Amino acid sequence: MKITNVTTYVVADTSQNQIGASMDWQWVFLKVETDEGVTGWGEAGASARASGVAMGTAIEHVKESVIGENPMDIERLWHKLYRQFSYMGSRGFGTSLTAGFDTALWDIKGKVAGMPVYDLLGGRFRDPVRLYANVWFRGCSTPEQYAEAAQKNLLDLGHDACKLDPFLEMVPYHTMYQDGQISDEGEQQGYDIVAAVRETVGPKYEILIDAHGHYNVPTAIRLANNLFEQSKIGWFEEPVPPESYDALREVREHTNAPICVGERLFTRYDFIPIFRDRLADYIMPDTIWTGGISEIKKIATMAEAYYIPIAPHVVPGGPLELIAAAHVVSSIPNFYRLEHSQFNIATHNQMLTEPYVIKDGALHLNGKPGLGYELDEEWLLANLHPDWEVATS
Ligand code: MG
């Protein structure tokens with residue numbers, strides 16, 4: 001069996017602005033065709049702004065290196081793609097690109113075997129997949145609005161865990177670390193929002209806080225401790241920017257709030273210090289950013305050896321990222337929860353020929369071979385990002 005063609009689609013996220021920051025989100029998909037008529041779909045991920053077009057262009061440049069290869073050789077092709085970026089740094093951009101191919105190859109292998117990907121990964125440890133809700137608060141800016149959204153978008157829909165970043169003052173600096181500090185007013189607003197959500201959802205509900213790496217060490221410690229004491233948060237995610245394991249250690253040593261990191265750690269190698277030095281209670285690798293189904297499965301197994309639960313990061317990914325992650329966590333013992341963007345369900349399902357099903361706070365996969373879901377090519381072509389149309393015209 002041989003790979004005969006790869007087609008790249010860079011699609012505009014029509015839901016736009018999903019986390020409240022002004023970003024031009026783009027989704028990158030690829031279709032891998034074979035000489036036996038079996039086709040696989042992959043998602044290559046793009047974190048913001050023009051990176052989708054850059055990713056699409058890179059895929060177009062490297063795809064020749066896999067055309068003619070046997071799509072069954074996932075492990076070897078993963079290394080072939082990943083190592084192409086060695087001298088610029090393979091992690092991040094290179095792993096997202098590799099993930100696009102990796103996901104599509106698992107889809108092909110499952111279709112050839114007549115089995116869902118989770119069966120190829122060891123079989124089901126669980127069904128369905130427990131979720132937590134993110135982006136359920138869109139448009140909210142006051143504690144009252146958050147409380148109302150928590151009732152309507154969380155409790156009424158059967159979710160039993162949610163995530164939010166309540167420190168709205170930091171939104172304009174999202175991904176652009178400044179001095180790591182927040183004003184007294186901004187800090188208090190965050191506490192008030194979380195308290196209002198806690199009041200609505202009750203004492204046992206899981207409220208996860210995403211700090212988005214916005215803070216310096218003393219600020220992160222103060223915010224984590226106050227939120228844990230006041231509102232009993234379930235985790236404080238990315239307290240400090242991802243570059244310094246030492247800063248993370250210092251936060252960890254000075255707070256009782258559980259710590260979660262991982263969406264900006266790439267490949268199994270970046271997670272070694274987290275496990276070895278016990279720097280987090282939970283990890284949340286991103287299935288695509290970290291290198292695809294093959295890589296996150298390995299990271300999950302490493303975490304298992306340390307009894308650390310894994311809760312894969314998904315937002316702002318597209319539908320295949322969510323589905324790929326669900327296949328992986330279906331097959332592992334040390335799963336905690338899978339993130340999903342409530343706000344994107346409708347858009348995701350427009351892109352698929354069969355919608356995925358979320359019921360009672362859990363994702364139910366359809367059990368079909370491969371990933372089990374196909375992208376709607378007509379929809380993709382009708383929603384290509386304008387910059388991608390220019391780049392490929
Ligand atoms: Mg996060």
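Atoms within each ligand, like the ligands themselves, are counted from 1 in listed order. Only a predicted model underlies this, so the values are computations on that prediction, with no experimental measurement involved.
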N/O/S atom name from [X] that is nearest to the position of the Mg ion (ligand 1):
X: Asp210; result: OD2
X: Glu237; result: OE2
X: Glu263; result: OE1

- Message: Between Glu43 (side chain only) and Leu320 (backbone N and O only), is there a donor and an acceptor less than 3.5 Å apart?
- Response: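 Yes, the answer is positive, given that a donor and an acceptor are paired below the 3.5 Å cut-off.
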- Lys/Arg N to Asp/Glu carboxylate O, Arg337 vs Asp160, below 4.0 Å: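 Salt bridge present between Arg337 and Asp160.
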- Should the pair Arg130 and Phe335 be classed as cation-pi, given the thresholds of under 6.0 Å to the six-membered ring centre and 45° from the axis?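 Verdict for Phe335: no cation-pi partner in Arg130.
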- Query: For the residue pair His348 and Trp27, is the inter-centroid distance of their aromatic rings smaller than 6.0 Å?
  - Reply: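 Centroid distance His348-Trp27: below 6.0 Å, so yes.
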